[in-house]
Amino acid sequence: MAEIRELISEEKVNERIAEMGAKISQDYAGKEVHLIAILKGSVFFACELAKRITVPVTIDFMSVSSYGDSRESSGIVKIAKDLDEPIQGKEVLVVEDIIDSGKTLNHLKPMLMSRGPASLSLCTLLNKPERREVNVDVKYIGFDVPDEFVVGYGLDYAQNYRNLPFIGVAEE
Ligand code: IMP
Ligand code: MG
């Protein structure tokens with residue numbers, strides 16, 4: 001197992017998620033928000049966020065995999081598990097754990113848009129701006145993080161460390 005250095009404490013993560021939930025509740029006042037959590041990484045964040053949103057919330061899950069090398073996003077996204085419900089006419093908020101190259105969301109967004117949601121916005125717990133290769137318009141960002149491999153709060157390193165309650169850096 002790798003050595004884990006704490007980057008963002010559990011308290012700070014939870015505080016920030018509460019702020020994001022309050023902002024989303026304000027922005028979607030009078031509406032219902034349909035969260036789409038991208039498996040598996042964003043599930044921990046999506047659940048905490050959902051609990052902090054005060055407008056009616058529904059939630060669905062989608063699993064995507066990108067072809068090719070697993071550490072680098074190829075940008076060609078395959079739906080490994082599709083949504084259970086249609087999104088037509090819904091106020092959709094896609095929830096991600098981290099945006100790195102941006103290729104996954106860049107590819108996913110038009111796919112979801114073609115299903116006719118009332119709106120489609122993106123929300124991510126973490127953002128690595130230095131790694132961005134394609135432009136994605138992200139409405140809600142928890143934290144910008146440096147270009148290091150981060151784990152915890154849903155994020156994994158070879159499927160490990162998802163259950164850490166804080167964000168850490170996996171050091172070899
Ligand atoms: P991208 O934005 O298409 O490059 O891909 C984002 C995906 O890559 C995320 O959903 C994560 O699954 C994975 N990823 C990128 N950076 C990290 C990291 O530092 N730790 C864990 N997973 C990461
Ligand atoms: Mg992911």
Side-chain angles (χ1 to χ4, degrees), residues 1-10 12-14 16-17 20-21 24 34-50 59-84 87 92-115 117 120-172:
M1 300 293 254
E3 193 81 18
I4 308 296
R5 169 169 53 88
E6 184 176 283
L7 186 67
I8 308 168
S9 70
E10 179 175 7
K12 284 216 176 91
V13 176
N14 290 334
R16 184 70 186 123
I17 295 174
M20 295 172 88
I24 291 165
H34 187 64
L35 302 179
I36 295 181
I38 309 300
L39 296 168
K40 306 170 188 164
S42 76
V43 167
F44 293 68
F45 168 48
C47 292
E48 290 305 312
L49 183 67
I59 187 162
D60 203 349
F61 302 91
M62 182 178 238
S63 178
V64 299
S65 53
S66 59
Y67 289 112
D69 189 323
S70 58
R71 273 195 84 142
E72 288 285 315
S73 190
S74 67
I76 301 164
V77 173
K78 186 172 75 96
I79 297 180
K81 182 224 169 286
D82 205 344
L83 299 170
D84 289 335
I87 57 171
V92 171
L93 187 58
V94 176
V95 181
E96 256 290 26
D97 49 359
I98 187 164
I99 301 175
D100 187 50
S101 71
K103 287 179 182 172
T104 305
L105 283 179
N106 190 58
H107 193 82
L108 198 58
K109 198 173 174 181
M111 261 159 63
L112 293 173
M113 279 308 288
S114 72
R115 299 183 187 186
L120 182 80
S121 297
L122 308 178
C123 175
T124 186
L125 178 59
L126 305 176
N127 179 42
K128 269 188 197 170
E130 290 166 49
R131 297 261 306 170
R132 196 61 38 84
E133 287 175 42
V134 290
N135 186 49
V136 269
D137 182 20
V138 191
K139 191 160 181 201
Y140 306 99
I141 294 174
F143 302 91
D144 281 342
V145 292
D147 182 12
E148 291 183 287
F149 201 78
V150 291
V151 295
Y153 228 98
L155 291 131
D156 74 302
Y157 177 53
Q159 298 303 325
N160 287 300
Y161 310 112
R162 291 194 196 276
N163 61 315
L164 294 178
F166 58 88
I167 305 290
V169 175
E171 300 187 300
E172 295 302 323

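Counting starts at 1 for both ligands and their atoms, following the listed order.
Note on ligand 1: G41 sits outside its first shell, no heavy atom being nearer than 4.0 Å. The closest approach between a heavy atom of H107 and any atom of ligand 1 is not below 4.0 Å. Proximity of E133 to ligand 1 is not established, as no heavy-atom distance is less than 4.0 Å.
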Stepwise, does the ring pair (Phe, Tyr, Trp, His ring centres under 6.0 Å) test hold for F166 with Y153? CA-CA 6 Å; F166 58 88; Y153 228 98; 9.5 Å; no
For salt bridge (charged side-chain N to carboxylate O under 4.0 Å, His left out), just list the numbers for R132 and D147, CA-CA rounded to whole Å, side-chain angles, deciding distance to a tenth of an Å, and then say yes or no. CA-CA 10 Å; R132 196 61 38 84; D147 182 12; over 6 Å; no
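With contacts defined as side-chain heavy-atom distances shorter than 4.5 Å, the pair L125/E96 does not qualify. Proximity of L93 to I36: side-chain heavy atoms (C-beta onward) are nowhere separated by under 4.5 Å.
Using a 4.0 Å cut-off to heavy atoms of E148, the atoms of ligand 1 that qualify are 19 (O). For ligand 1, the atoms sitting less than 4.0 Å from at least one non-hydrogen atom of S101 are 1 (P), 2 (O), 3 (O), 4 (O), numbered in the order shown with element in parentheses. Every atom of ligand 1 with a heavy atom of K128 under 4.0 Å away is listed here by number and element: 16 (N), 17 (C), 18 (C), 19 (O). Of all atoms in ligand 1, numbered sequentially from 1 with element shown, those under 4.0 Å from a heavy atom of E96 are 10 (O). Of all the atoms in ligand 1, the ones that sit under 4.0 Å from a non-hydrogen atom of T104 are 1 (P), 3 (O), 5 (O). In the vicinity of F149, heavy-atom distances shorter than 4.0 Å reach the ligand 1 atoms 17 (C), 18 (C), 19 (O), 20 (N), 21 (C), 22 (N).
On a distance-only criterion, V150 and ligand 1 share at least one N/O pair closer than 3.5 Å. For ligand 1, the polar-atom distance check finds no N/O of V151 at less than 3.5 Å from any of the ligand's N/O atoms.
With F45 as the partner, the side-chain contact (heavy atoms from CB on, under 4.5 Å) test is satisfied by one option alone out of I98, L155, D97, V95: V95.
Around NZ of K12, the count of heavy atoms belonging to other residues, nucleotides or ligands within 6.0 Å does not exceed 12. Atom CD of Q159 has more than 12 heavy atoms from other residues, nucleotides or ligands within 6.0 Å. Counting non-hydrogen atoms of other residues, nucleotides and ligands closer than 6.0 Å to CE of M113 gives a total of 12 or fewer.
At a 4.0 Å heavy-atom cut-off, ligand 1 touches L155 through the side chain alone. Neither the backbone nor the side chain of R131 comes within contact range of ligand 1; no heavy atom lies under 4.0 Å. Residue D156 touches ligand 1 through its backbone alone, judged by heavy-atom distances below 4.0 Å.
Within the 3.5 Å criterion, the main-chain N or O of V169 finds no donor-acceptor partner in the side chain of R5.
In the candidate list V136, L39, V134, D100, D100 is nearest to atom 15 (C) of ligand 1, counting heavy atoms.
We find the CG-NE2 distance between L120 and H34 to be 10.5 Å, quoted to the nearest 0.5 Å.
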